[in-house]
Novice: 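Structure provided below as structure tokens; questions to follow.
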Amino acid sequence: MGVAERQEKLRSRMAVEGVDAVLVSNLTNVRYLTEFAGSNGYVFITKDATRFFTDGRYATQAAGMVKGAEVIISPSHGALVEELNRLTKTNKVARVGYEATHVTVASRGATWEPPPGLDKVMGYFEEAELVATQGWIEELRKVKDSDEIASIRAAAQMGDEGFAYILDRIKPGVREIDLALELEFHLRSMGSEGVSFDPIVAAAERSALPHARPSERVVERGRYLLLDFGCVVNGYCSDMTRTVVIGPVDDRHRQVYETVLASQMAGIEAAGPGVSGGDVDKVSRGVISKAGYPEAFMHGLGHGVGLDIHEAPSLKTGFADQLAPGHVITIEPGAYFEGWGGVRVEDLAVVTEDGLEVLSKAPKDLIVL
Ligand code: ZN
Ligand code: ZN
């Protein structure tokens, strides 16, 4: 699905909602609609045209990068505002949608002087009515086409290779920050455009912190080490978590690990088209509850992955939205025990017509180093 098809889908939504144009300000959504990957850009989409606005710094890049839109370079915000107003008038745009999740309170017409930027733009639609929209483009982004899946698959594969690489470097006495740096260096040297988020490397008791930041804590014998990281290919993210033990391993390590792994496999088994994210979460969570420590799994089961590392759909208690073919999701249950350690196992997967294809191939049986 190229950008033209994406834009047409957005236009269908606009027609249903009775909106004549949408001003897209979220950069990820701008990228989704035009392939522009810079730091300043707006898309103004009407019934029959798509315009892309940026500033002079991107004149050359935008000309080569932007697809499916007329590129307009605005030397200043004033010029952008003027052009938007001219367009709303000449195209008889009565209602303009804006992305309510991605603009500030000030842009809603506060009594103080709005700060520069989009806020100013919003304030300058002289004749059109502003309509708050939420999640219209994010909804489209949930279903990935084959090119998007190919990018995510490549990113996941790099992650697998990165895990194999770093395994050899995990030794007692090595600091988390050094492993994180080595891992990132290796991922980037393989061609990853960056990391999809700062890698989590959590040793010993720090593995009980689901979102630990790498510290000077050293890897220790007889403890877990948790690694959660991802790559970026063509702007698309990957995400995976593995937890290993630096021997000697004891029964509790094995028991908690086996429980989390069984929970993860049950989630993979349960996920598929027509199943809600909430129901998949429930199945996985049930395995950990049955083991006797439901409170040890205190986060959602998973999330969508794409241009953003966290995007729709959500696999969490109470989420009724059904999974559908083309959704790319994570399945990542965990069990965390303060002061002792924690385990998380996370795979990236794509929902298919009849189930789930797991994209992460790194081994999941407990690795004892
Ligand atoms: Zn992760
Ligand atoms: Zn994740």
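Heavy atoms only: backbone and side chains are in, while hydrogens, waters and symmetry mates are out. Throughout, residue positions are numbered sequentially from 1 according to the sequence presented. Order of appearance sets the numbers: ligands from 1, and atoms from 1 within every ligand.
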Novice: Parallel under 30°, tilted from 30 to 60°, perpendicular over 60°: which one fits the rings of H303 and H310?
Specialist: perpendicular
Novice: For a distance under 2.8 Å, tell me if H303 has an N/O/S atom near the Zn ion (ligand 2).
Specialist: yes
Novice: What's the atom name of the N, O or S in E332 nearest to the Zn ion (ligand 2)?
Specialist: OE2
Novice: So with a 6.0 Å cut-off around NZ of K364, is the heavy-atom count from everything else above 12?
Specialist: yes
Novice: Looking at D239, which of its N, O or S atoms is the nearest one to the Zn ion (ligand 2)?
Specialist: OD2
Novice: Tell me which N, O or S atom from D228 is the closest to the Zn ion (ligand 1).
Specialist: OD1
Novice: Picking from D281, V345, L301, what satisfies side chain to side chain contact (heavy atoms under 4.5 Å, CB included) with P333?
Specialist: L301
Novice: Name whichever N, O or S atom of E346 ends up nearest to the Zn ion (ligand 2).
Specialist: OE2
Novice: Near R252 CZ, under 6.0 Å, is it more than 12 heavy atoms from other residues, nucleotides or ligands?
Specialist: yes
Novice: Hey, is CD on E357 packed in by over 12 heavy atoms from elsewhere, all under 6.0 Å?
Specialist: yes
